[in-house]
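Take a look at the structure set out below.
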Amino acid sequence: QLQLVESGGGLVQPGGSLRLSCAASGLAVDVYSIAWFRQAPGKEREGLACIRSTGGRPNYADSVKGRFTISIDNVKNAVYLQMNSLKAEETGIYYCAAGLITYLGTCSVAPGRYQFWGQGTQVTVSS
């Protein structure tokens, strides 16, 4: 059974950093794209970053470029999201998701590309 479990959320002050982890079981991350999404209160789910271990560069939403870094550990079957310079408006539930690779090239941060989702981890950016 495919399972994704996020961890690492919490309370952080504006300008601070957090590192989120996504542990995958029941799948080998090297045949999937893995992405991070955020859902803020009252807003639609937003794609933040994605990565493939099959090659190619990560892809980031414009809103997080230069501040967030996604990485993958194929041995541990885990994906990480390092978040720096966090803003109050980035409060929300952060999800990781896995999607079968169906095309060559750079991964997409569109939610519709992902079939398997974790339960999410809460990130609160507040002073």
Side-chain angles (χ1 to χ4, degrees):
Q1 183 176 354
L2 301 177
Q3 188 175 16
L4 300 169
V5 179
E6 303 93 337
S7 61
L11 174 64
V12 62
Q13 291 187 344
S17 298
L18 277 178
R19 186 185 190 227
L20 304 182
S21 299
C22 174
S25 60
L27 64 88
V29 294
D30 61 354
V31 295
Y32 288 84
S33 294
I34 307 290
W36 284 96
F37 297 83
R38 173 176 64 226
Q39 187 151 24
K43 294 188 177 181
E44 293 186 354
R45 195 166 294 188
E46 175 189 9
L48 303 176
C50 63
I51 192 168
R52 293 179 178 180
S53 64
T54 53
R57 59 180 174 82
N59 190 19
Y60 295 94
D62 288 343
S63 61
V64 305
K65 280 181 182 176
R67 297 187 299 119
F68 289 13
T69 302
I70 190 170
S71 59
I72 191 166
D73 185 330
N74 290 330
V75 174
K76 294 183 178 179
N77 241 22
V79 177
Y80 307 96
L81 186 68
Q82 177 67 42
M83 305 186 295
N84 299 327
S85 302
L86 282 161
K87 305 173 184 178
E89 57 265 36
E90 294 181 313
T91 292
I93 301 175
Y94 284 66
Y95 299 89
C96 69
L100 289 167
I101 295 175
T102 59
Y103 64 96
L104 298 176
T106 305
C107 56
S108 168
V109 294
R113 290 283 188 181
Y114 296 85
Q115 298 86 36
F116 308 102
W117 293 79
Q119 293 301 306
T121 185
Q122 175 72 41
V123 172
T124 302
V125 186
S126 175
S127 54

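- Sparse packing is recorded around CD of Gln119, with 12 or fewer heavy atoms of other residues, nucleotides or ligands lying under 6.0 Å away.
- Comment: Glu90 engages Arg67 in a salt bridge, judged by a side-chain N to carboxylate O separation of less than 4.0 angstrom.
- Of the inter-residue distances, the one linking Gln122 atom CD with Leu11 atom CG reads 10.0 Å to the nearest 0.5 angstrom.
- Minimum interatomic distance between Gln115 and Gly99 (heavy atoms only, all atoms of both residues): OE1-CA, 3.2 Å.
- A distance-only check finds a donor-acceptor pair linking the side chain of Thr91 to the backbone of Val125 [under 3.5 Å].
- Expressed to the nearest 0.5 Å, how far CZ of Arg52 lies from CG of Asn59 amounts to 10.0 Å.
- No side-chain heavy atom of Met83 sits under 4.5 Å from any side-chain heavy atom of Val12.
- In this structure the side chain of Cys50 never reaches within 4.5 angstrom of the side chain of Arg113, judged on heavy atoms.
- The minimum heavy-atom distance between Gly8 and Leu18, with the atom names listed, is O-CD2, 3.8 Å.
- Distance check, rounded to the nearest 0.5 Å: CZ of Phe68 to CG of Leu48 gives 6.0 Å.
- What you find for Phe116 and Leu4 is that their closest heavy atoms are O-CD1, 3.4 Å.
- Under a hydrophobic clustering in which Ile, Leu, Val, Met, Phe, Trp and Tyr are joined whenever their side-chain heavy atoms come within less than 4.5 Å, directly or via other members, Tyr80 and Val64 fall into different clusters.
- What you find for Tyr95 and Glu6 is that their closest heavy atoms are CA-OE2, 3.4 Å.
- Once rounded to the nearest 0.5 Å, the distance linking SG of Cys107 with OH of Tyr114 reads 5.0 Å.
- From Leu81, atom CG reaches atom CD1 of Ile70 across 6.0 Å, with rounding to the nearest 0.5 Å.
- Residue Ile51 is not grouped with residue Val5 when hydrophobic side chains (ILVMFWY) are merged at heavy-atom distances under 4.5 angstrom, including chains of intermediate members.
- Residues Leu100 and Tyr32 form a side-chain contact, since some pair of their non-hydrogen atoms from C-beta on lies under 4.5 Å apart.
- When all heavy atoms of Pro14 and Ser126 are compared, the closest pair comes out as CD-C, 3.6 Å.
- Using bins of under 30°, 30° to 60° and over 60° for the plane-to-plane angle, the ring pair Trp117/Phe37 lands in the tilted bin.
- Here the straight-line distance linking atom CD of Gln39 with atom CZ of Arg45 works out to 4.5 Å at 0.5 Å rounding.
- The minimum heavy-atom distance between Ala49 and Tyr60, with the atom names listed, is CB-CD2, 3.5 Å.
- Between Thr106 and Arg57, the closest side-chain pair of non-hydrogen atoms falls below 4.5 Å.
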